[in-house]
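One structure is given here, and the rest of the page talks about it.
Quantities reported herein were computed from a predicted structural model and do not represent experimental measurements.
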Amino acid sequence: MTLKVDYSNTMIKQEEIDNIYKQIILADSILKSKEGPGSDYLGWLDYPVSHDKEEFERIIKAAEYIKENCEVLIVIGIGGSYLGSKAVIDALSPIFVNELDEKERKAPKIYFAGQNISGKYLKQLYELVKDKNIMVNVISKSGTTTEPAIAFRVFKALLEEKYGKEASKKRIFVTTDKSRGALKTMAEEQGYESFVIPDNVGGRFSVHTAVGLLPIAAAGIDIRAFMKGAEDSMKEYTSEKIEENACYQYVAARNVLLRKSKEIEIMVNYEPEMTMFAEWWKQLFGESEGKEGKGIFPVSVNNSTDLHSLGQIIQDGKRNIFESVIVFENHEDDSIIPSDTEDLDGLNYIAGMGMNYVNQKAFEGTLLAHIDGGVPNIIIRVDKLDAYNIGRLVYFYERACGISGYILGVNPFDQPGVEAYKKNMFALLGKKGYEELAASLKNR
């Protein structure tokens with residue numbers, strides 16, 4: 001296994017794991033039967049092998065076209081339509097990729113839009129790219145979601161102004177519903193190349209679909225290896241022996257800890273390129289579990305940076321937390337710490353060491369300190385940070401999330417609470433059909 005779960009530092013007894021094991025088996029059987037709550041959105045479960053192979057090849061071809069014919073790709077989407085692809089791109093690209101020249105990059109600069117309603121963000125992105133050779137990938141099931149719809153309107157107008165309406169058609173790639181919706185209609189009318197958001201895959205589970213694959217491939221990442229990682233995980237997690245199933249081990253540990261009043265899970269990473277991966281993970285578990293007054297609240301820290309900000313409250317604060325730490329065992333790049341004759345900073349004792357080794361000791365020291373402070377730690381060990389293993393890691397968390405949701409007794413595949421802010425916003429903006437709600441809000 002290239003992904004291993006170690007819960008020996010959680011203070012969990014084996015009998016507690018044994019007691020929850022039958023519930024895990026039951027929850028997973030409901031998941032695999034596709035007969036539980038939200039079963040209409042379980043297409044991701046076998047997607048690594050059931051996906052449309054013809055579309056997959058078309059994605060690779062489109063990505064090559066994008067890489068060869070543009071300087072900048074604007075990816076427009078929100079929630080699951082952007083978090084997964086950005087997480088993977090950030091994890092697997094050079095940290096300062098957009099600062100590299102074109103030959104070193106071997107791919108366009110990729111910027112994201114439509115994930116907020118900040119006028120400042122959109123204006124400054126517009127100014128940054130307006131004179132560049134640009135293309136757009138807009139991702140939306142309906143085409144009417146406010147944030148990406150605004151961004152697409154702006155960049156579509158820019159493309160048509162720069163290249164003309166006809167030439168712009170080859171610069172816009174649409175990922176949307178297979179047969180309906182405003183964006184699908186527009187794609188058919190204008191002749192944009194389009195890819196499918198499967199009806200049975202929800203946004204936060206869509207990283208292995210065209211939603212994630214086109215931007216990831218356009219960034220120069222090997223999506224064949226990425227999908228192979230997911231396929232291998234899918235096959236591995238069919239085992240019902242908990243000692244063979246890392247997914248079961250993670251689900252067991254986090255749910256036992258929840259029952260011991262550990263209501264906050266902190267994802268910890270020691271590699272800055274994993275920051276956005278944690279953001280995707282937070283959406284995955286937050287939207288899936290946070291219902292009916294239930295759920296483990298997902299937060300994240302980036303160490304060693306956050307040891308100098310949140311380290312204090314983790315060490316000595318309220319004991320309602322546990323950590324799950326992602327550790328990559330092998331690294332390709334490193335920096336060697338130089339020696340200094342005067343040694344005024346007192347660092348000569350580590351001169352000649354690689355920073356990855358020091359980072360490893362920072363992790364080990366933090367682990368010991370937090371355990372001593374009463375914070376359980378789940379360690380998720382991954383062989384190395386590459387396309388194959390990130391593909392495995394994404395599927396690992398998706399499968400764990402589905403099982404955990406059923407153990408909690410919620411539907412892990414809907415998100416009814418997300419709609420509340422939209423209704424209020426539409427009413428306050430005066431959207432047709434929301435007059436009654438607008439009137440009630442004015443009286444509050």
Side-chain angles (χ1 to χ4, degrees), residues 59 62 66 70 72-90 108-130 134-160 168-169 171-190 192-199 201-207 209-216 218-219 276 279-280 282-284 287 415 418-426 428-429 431:
I59 289 169
I66 291 168
C70 80
V72 170
L73 175 66
I74 306 294
V75 179
I76 299 174
I78 195 168
S81 294
Y82 105 96
L83 277 169
S85 59
K86 182 158 177 55
V88 175
I89 291 168
D90 281 10
K109 295 181 179 181
I110 296 181
Y111 297 103
F112 289 81
Q115 78 277 36
N116 58 53
I117 321 180
S118 168
K120 180 179 181 180
Y121 180 97
L122 194 62
K123 177 177 173 53
Q124 293 189 7
L125 178 58
Y126 184 95
E127 293 296 324
L128 179 68
V129 305
K130 67 179 182 180
I134 64 174
M135 292 184 180
V136 167
N137 174 208
V138 56
I139 306 164
S140 176
K141 187 77 169 172
S142 65
T144 59
T145 303
T146 306
E147 294 90 341
I150 291 171
F152 183 47
R153 179 176 286 201
V154 168
F155 284 107
K156 177 174 172 287
L158 174 61
L159 285 171
E160 292 179 353
S168 292
K169 294 177 181 180
R171 292 178 172 272
I172 295 173
F173 298 84
V174 169
T175 309
T176 189
D177 190 88
K178 184 177 183 177
S179 58
R180 61 185 182 276
L183 192 54
K184 177 62 178 177
T185 300
M186 188 186 300
E188 289 180 341
E189 290 178 351
Q190 300 299 323
Y192 304 145
E193 183 165 9
S194 63
F195 301 93
V196 175
I197 301 175
D199 286 337
V201 179
R204 57 190 178 275
F205 291 85
S206 66
V207 193
T209 73
V211 170
L213 291 178
L214 181 58
I216 291 168
M276 282 306 301
E279 295 302 308
W280 168 77
K282 285 191 280 190
Q283 187 210 6
L284 179 68
E287 278 196 355
Q415 54 280 339
V418 175
E419 300 303 313
Y421 93 90
K422 294 181 183 180
K423 293 177 181 177
N424 290 344
M425 179 179 71
F426 294 154
L428 292 168
L429 287 170
K431 186 175 182 178

### Message
So, using ring-ring contact (aromatic ring centres under 6.0 Å, His included) as the criterion, who are the partners of Y111 when residues are at least two apart?
### Response
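If we apply the ring-ring contact (aromatic ring centres under 6.0 Å, His included) test to Y111, skipping adjacent residues, there are no hits.
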Rounded to the nearest 0.5 Å, what separation is found between the [atom1] atom of [X] and the [atom2] atom of [Y]?
X	Y	atom1	atom2	answer
I76	E147	CD1	CD	12.5 Å
E287	R204	CD	CZ	4.5 Å
K431	M425	NZ	CE	8.0 Å
K123	S118	NZ	OG	12.0 Å
R171	I66	CZ	CD1	11.0 Å
Y126	L158	OH	CG	4.5 Å

Do [X] and [Y] make a side-chain contact, defined as non-hydrogen atoms from C-beta onward lying under 4.5 Å apart?
X	Y	answer
I110	I89	yes
F155	V129	yes
P215	I139	yes
V138	F173	no
K184	S194	yes
L213	V207	no
T209	I197	no
F426	K423	no

### Message
Do the side chains of D177 and K141 get close enough for a salt bridge, i.e. N-O under 4.0 angstrom?
### Response
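So D177 pairs with K141 through a salt bridge.
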### Task
Verify side-chain contact (heavy atoms from CB on, under 4.5 Å) between Y121 and Q115, making sure each step is shown before the conclusion.
CA-CA 10 Å; Y121 180 97; Q115 78 277 36; 3.1 Å; yes
Give the minimum heavy-atom separation between [X] and [Y], together with the two atoms involved.
X	Y	answer
P148	G77	CB-CA, 4.1 Å
V211	S81	CG1-CA, 3.8 Å
E193	A62	OE1-CB, 4.2 Å
L183	G143	CB-CA, 3.6 Å

### Query
L284 and F205: side-chain contact (heavy atoms from CB on, under 4.5 Å), yes or no, with the steps?
CA-CA 7 Å; L284 179 68; F205 291 85; 3.7 Å; yes
### Query
Step by step, would you call I134 with L73 a side-chain contact (heavy atoms from CB on, under 4.5 Å)?
CA-CA 6 Å; I134 64 174; L73 175 66; over 6 Å; no
### Message
Test your reading of the model: is there a side-chain donor-acceptor pair from T176 to the backbone of S140, 3.5 Å cut-off?
### Response
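Between the backbone of S140 and the side chain of T176 there is a qualifying donor-acceptor contact (under 3.5 Å).
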### Task
Kindly determine whether Y82 and E279 satisfy side-chain contact (heavy atoms from CB on, under 4.5 Å), including the steps that lead there.
CA-CA 11 Å; Y82 105 96; E279 295 302 308; over 6 Å; no
### K156: side chain to side chain contact (heavy atoms under 4.5 Å, CB included) partners, not counting sequence neighbours
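Applying side chain to side chain contact (heavy atoms under 4.5 Å, CB included) to K156 gives F152, E160, I172, M186, Y192.
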